J.: 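What follows is a structure written as structure tokens; I'll ask about it next.
These numbers were taken from a predicted model, which means no experiment stands behind them. A note on names: the letters A, B, ... follow the listed sequences, proteins ahead of strands, and every chain is numbered from 1.
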Amino acid sequence: MSKEKKLVEAITSRDEDFSQWYTDIVKKADLIDYSSVRGCTILRPHGYAIWELIQKNLDKRFKDTGHENVYMPMFIPESLLQKEKDHVEGFAPEVAWVTHGGEEKLTERLCVRPTSETLFCEHYANIIHSYRDLPKLYNQWCSVVRWEKTTRPFLRTLEFLWQEGHTAHATEEEAMEETIRMLNVYAEFCENVLAIPVIKGQKTEKEKFAGAKATYTIESLMHDGKALQTGTSHNFGDGFAKAFDIRYTDKNNQLQYVHQTSWGVSTRLIGALIMVHSDDNGLVLPPEVAPVQVMVIPVQQHREGVLERAEEIRSRLSKHIRVGLDDSDRMPGWKFSEHEMRGVPLRLELGPKDIEKNQCVIVRRDTREKQFISLDDVEQSIIKILEAMQKDMLRNAMELRVSKTYTAQSIEEIDEICNKNPGFIKAMWCGEQSCENKIKEETGATARCIPFEQENISDRCVCCGEPAKHMVIWGRAY
RNA sequence: CGGGGUGUGGCUCAGGUGGUAGAGCGCUUGGUUCGGGACCAAGAGGCCGGAAGUUCAAGUCUUCUCACUCCGACCA
């Protein structure tokens with residue numbers, strides 16, 4: 001079979017060349033195509049369907065926590081972008097500018113939004129007057145543009161789809177609560193829907209968002225041992241409110257600045273799905289975000305009655321789950337490989353022999369475990385298998401992370417781990433940026449986060465030996 | 001933004017020392033097949049990433065440029 005395999009499309013082995021493997025998956029699972037613009041990709045139906053499922057799931061969680069969707073313009077006047085100093089400086093290098101309308105030069109150039117803080121702030125300043133107007137809990141689904149130097153599908157593209165929540169609150173406490181609430185929403189979503197375990201924590205000063213008071217993050221670990229910032233939630237304090245003059249009158253008729261938050265996740269989540277779960281046979285999707293959860297593949301479909309039975313089963317299943325029927329005139333074996341490549345969680349084979357025995361064959365994408373199940377209660381059996389698969393995938397991803405999480409007592413140790421067995425590295429830190437910089441220079445590892453769940457690895461900073469303030473998760477990151 | 005690699009039918013690639021293109025897969029049609037990427041037959045399809053130059057003659061040599069990709073510095 002291996003000889004034949006070479007004649008057909010094969011993907012690079014994950015262990016041999018992780019980067020190439022990743023690129024192969026995104027292309028061969030039909031997630032994206034490259035466009036004629038550098039760094040911009042086309043999300044094809046299969047890739048976009050995954051995003052739609054992510055959107056649907058998250059959007060419900062946002063609504064359930066009281067948020068409303070809005071849509072802001074994609075252009076930001078230069079003067080508006082410049083109102084918050086740290087914010088402009090953070091984004092200036094990667095902003096795309098519109099200078100002309102038709103043939104006419106604009107009097108003020110417009111920035112293509114790299115993020116919409118300034119737009120929300122301007123709007124909030126206009127609509128918030130009284131404590132009765134608060135809180136404002138807005139979210140928008142949109143695309144943003146950042147002129148990156150190097151790009152990779154899903155992980156870093158010039159334009160990407162995301163969601164950005166922007167809220168305004170009366171008090172510091174409320175803003176802090178909101179920041180953490182949404183971080184928790186993200187974490188719960190990643191674990192239960194994407195089957196990706198995350199570590200919640202705070203970003204260091206060096207790594208925090210431009211203009212934020214504090215940035216919180218969920219960090220996940222990819223199969224190659226590199227870290228991925230999977231989502232962030234920022235507490236802005238009243239910094240933006242002061243820059244944009246967003247004030248309200250409180251119950252005592254006093255003018256107060258609002259306290260704001262913002263939080264976002266992007267199509268990068270799809271990159272995480274690939275790098276956490278997929279294997280040498282292609283994409284592996286957790287059932288919750290699989291556009292097709294079960295693909296029915298008839299065997300000897302030309303035989304009398306086979307297609308009819310297959311269609312009947314598809315129809316029954318479609319009342320409960322997302323199901324497809326591949327009745328193309330490909331060989332069954334070809335279809336098996338194809339739908340494995342595309343990450344369909346379950347395959348249902350149905351041939352004359354099965355029909356005779358009133359059964360079908362079910363094969364799980366993650367384990368490739370094959371089982372025969374009765375057609376009588378096929379719906380219930382499949383729902384159970386999908387549920388089990390969703391849980392198993394999270395458990396496996398968790399086991400992988402545990403097996404790639406280390407502790408270090410010295411910079412040398414961090415460096416050695418990074419080079420030999422990359423992963424999350426727990427080590428103590430004094431809180432000084434000079435030490436953070438030194439660790440990055442010497443090992444390539446950055447501070448992923450200061451986890452909420454602290455452990456005492458030692459009393460001393462891994463770098464300078466001074467008394468330690470925090471345990472930090474270090475790692476090389478995407 | 002630096003360093004490396006690659007651009008030739010839809011895809012993967014072959015085309016020593018220059019003489020206007022070839023294979024496999026895929027695609028179309030017909031037939032036989034169908035429980036892990038089937039087989040036979042007949043077809044369609046490319047000016048060789050782009051531009052300029054050298055030459056009687058450029059896929060092949062020179063220069064410039066664009067894109068993809070990998071590795072680093074910066075970011076979701």
Side-chain angles (χ1 to χ4, degrees), chain A residues 1-10 12 17-24 26-28 33-41 90-95 114-115 143-164 186 203 206-210 215 217-219 227-234 262-272 281-282 297-303 306-307 327-341 347-355 359-361 363 368 370 372 440-441 444 446 476-478:
Chain A
M1 195 180 89
S2 61
K3 223 187 248 172
E4 287 171 332
K5 270 242 149 157
K6 279 173 190 155
L7 292 175
V8 294
E9 290 185 292
T12 308
D17 185 344
F18 193 82
S19 293
Q20 192 56 52
W21 167 82
Y22 177 83
T23 309
D24 285 354
V26 296
K27 284 286 289 177
K28 300 213 167 134
D33 200 2
Y34 292 104
S35 74
S36 52
V37 184
R38 176 189 78 85
C40 294
T41 57
F91 281 101
E94 51 192 32
V95 161
T115 177
S143 76
V144 288
V145 169
R146 299 182 186 176
W147 218 258
E148 301 289 350
K149 286 157 189 166
T150 55
T151 58
R152 301 190 71 190
F154 295 117
L155 300 177
R156 192 180 300 108
T157 47
L158 292 201
E159 181 187 11
F160 58 93
L161 297 178
W162 79 343
Q163 146 285 309
E164 48 180 323
Y186 286 154
K203 284 288 186 188
K206 179 184 164 73
E207 301 283 333
K208 80 173 186 191
F209 180 80
T215 290
T217 179
I218 47 172
E219 296 286 325
L228 186 75
Q229 178 177 303
T230 308
T232 47
S233 186
H234 315 288
S262 93
W263 25 274
V265 296
S266 70
T267 35
R268 176 179 264 194
L269 290 174
I270 298 175
N281 295 310
I297 299 179
V299 176
Q300 298 199 36
Q301 61 186 38
H302 60 287
R303 293 266 192 102
V306 172
L307 266 182
D327 60 358
S328 66
D329 58 5
R330 297 285 193 181
M331 305 290 292
W334 191 94
K335 295 178 187 177
F336 297 166
S337 301
E338 177 68 10
H339 297 298
E340 277 174 14
M341 181 69 83
R347 162 170 103 235
L348 188 157
E349 297 174 32
L350 185 78
K353 285 186 235 164
D354 300 309
I355 293 171
Q359 66 174 27
C360 64
V361 179
V363 181
R368 297 184 126 194
K370 188 181 253 194
F372 298 88
K440 186 178 180 181
E441 274 165 35
T446 50
R476 289 187 184 161
Y478 277 100

J.: Taking CG from A:Leu350 and P from B:G36, how many angstroms apart are they, rounded to a whole number?
T.: 15 Å
J.: Does B:U60 have a Watson-Crick or wobble mate here (both distances under 3.5 Å), and if so which one?
T.: none
J.: Should the ring pair A:Tyr478 and A:Phe18 be called parallel, tilted or perpendicular, given that the plane angle runs from 0 to 90° and is split at 30 and 60?
T.: tilted
J.: Whole Å only: how far is the NZ atom of A:Lys28 from the C1' atom of B:G37?
T.: 13 Å
J.: What is the nucleic acid contact for A:Gly351, judged by heavy atoms within less than 4.0 Å: base, sugar-phosphate only, or nothing?
T.: base
J.: Rounding to a whole Å, what distance do you find between A:Asp24:CG and B:C68:P?
T.: 17 Å
J.: Have a look at A:Asp329 and say if it touches a base, only the backbone sugar-phosphate, or nothing, with a 4.0 Å heavy-atom cut-off.
T.: nothing
J.: Using Watson-Crick or G-U wobble geometry with both distances under 3.5 Å, which nucleotide pairs with B:U28?
T.: B:A42
J.: Can you name the salt bridge (charged side-chain N to carboxylate O under 4.0 Å, His left out) partners of A:Arg347, sequence neighbours left out?
T.: A:Glu340, A:Glu349
J.: Quick one: label A:Lys353 by what it contacts on the DNA or RNA (base, sugar-phosphate, nothing), any heavy atom closer than 4.0 Å.
T.: base
J.: Which nucleotide, if any, forms a Watson-Crick or G-U wobble pair with B:C68, using both distances under 3.5 Å?
T.: B:G5
J.: Going by the rule side-chain hydrogen bond (donor to acceptor under 3.5 Å, both in side chains), which residues pair with A:Thr157 if we only count those two or more places apart in sequence or in a different chain?
T.: none
J.: Tell me, please, which residues at least two apart from A:Phe209 pass ring pair (Phe, Tyr, Trp, His ring centres under 6.0 Å).
T.: A:His87, A:Phe91, A:His234, A:Phe236
J.: In whole angstrom, give the distance that lies between atom CG of A:Leu348 and atom C1' of B:G36.
T.: 16 Å
J.: Could I get the full list of side-chain contact (heavy atoms from CB on, under 4.5 Å) partners for A:Phe372, not counting sequence neighbours?
T.: A:Gln359, A:Val361
J.: Run the side-chain contact (heavy atoms from CB on, under 4.5 Å) test against A:Ile355 and tell me which residues pass, sequence neighbours left out.
T.: A:Val306, A:Arg309, A:Leu350
J.: If we take the C1' atom in both B:U62 and B:A21, what is their distance in whole Å?
T.: 23 Å
J.: Provide the closest heavy-atom pair for A:Pro332 versus A:Pro298 in the form atom of the first, atom of the second, distance.
T.: CG-O, 4.5 Å
J.: According to the Watson-Crick and G-U wobble definitions, with both distances under 3.5 Å, which nucleotide is paired to B:A23?
T.: B:U12
J.: Regarding A:Gly39, tell me which of base, sugar-phosphate or nothing describes its non-hydrogen contacts under 4.0 Å with the strands shown.
T.: sugar-phosphate
J.: Mind checking side-chain contact (heavy atoms from CB on, under 4.5 Å) for A:Glu219 and listing every partner two or more places apart, or none if nothing turns up?
T.: A:Lys203, A:Thr217, A:Ala227, A:Gln229, A:Phe424, A:Arg448, A:Cys449
J.: Please state whether the base of B:G36 and the side chain of A:Arg347 form at least one donor-acceptor pair under 3.5 Å?
T.: yes
J.: Once you apply a heavy-atom cut-off of 4.0 Å, does A:Val144 come out as touching a base, just sugar-phosphate, or nothing?
T.: nothing
J.: Output, in order, the C-alpha distance, side-chain angles, deciding distance and verdict of side chain to side chain contact (heavy atoms under 4.5 Å, CB included) for A:Thr23 and A:Thr12.
T.: CA-CA 9 Å; A:Thr23 309; A:Thr12 308; over 6 Å; no
J.: Whom does B:A76 pair with, Watson-Crick or G-U wobble, provided both distances fall under 3.5 Å?
T.: none
J.: Considering only atom P, compute the distance from B:U54 to B:G16 and round it to an integer number of Å.
T.: 24 Å
J.: Using the closest heavy atom to pick a nucleotide of RNA chain B for each, name whichever of A:Ile355 or A:Arg38 lands nearer the 5' end.
T.: A:Ile355
J.: Once you apply a heavy-atom cut-off of 4.0 Å, does A:Pro298 come out as touching a base, just sugar-phosphate, or nothing?
T.: nothing
J.: Does a distance-only test, which skips hydrogens and angles, find a donor-acceptor pair under 3.5 Å between the side chain of A:Glu340 and the base of B:G36?
T.: yes
J.: Measure from CG on A:Asn281 to P on B:G36 and round the result to the nearest Å.
T.: 15 Å
J.: Does the protein touch nucleotides 70-76 of chain B at the base, only the backbone, or not at all? Give it as B, S and - per nucleotide, heavy atoms under 4.0 Å.
T.: SSBBBBB
J.: Below 3.5 Å is the cut-off: list the nitrogen or oxygen pairs between protein and nucleotides 40-46 of chain B, distance only.
T.:
none

J.: Between B:G2 and B:A14, how far is it from one P atom to the other, in whole Å?
T.: 29 Å
J.: If pairing requires Watson-Crick or G-U wobble contacts with both distances under 3.5 Å, which nucleotide is the partner of B:U17?
T.: none
J.: Please identify each residue that fulfils side-chain contact (heavy atoms from CB on, under 4.5 Å) with A:Gln300, with sequence neighbours left out.
T.: A:His302, A:Arg303, A:Pro352
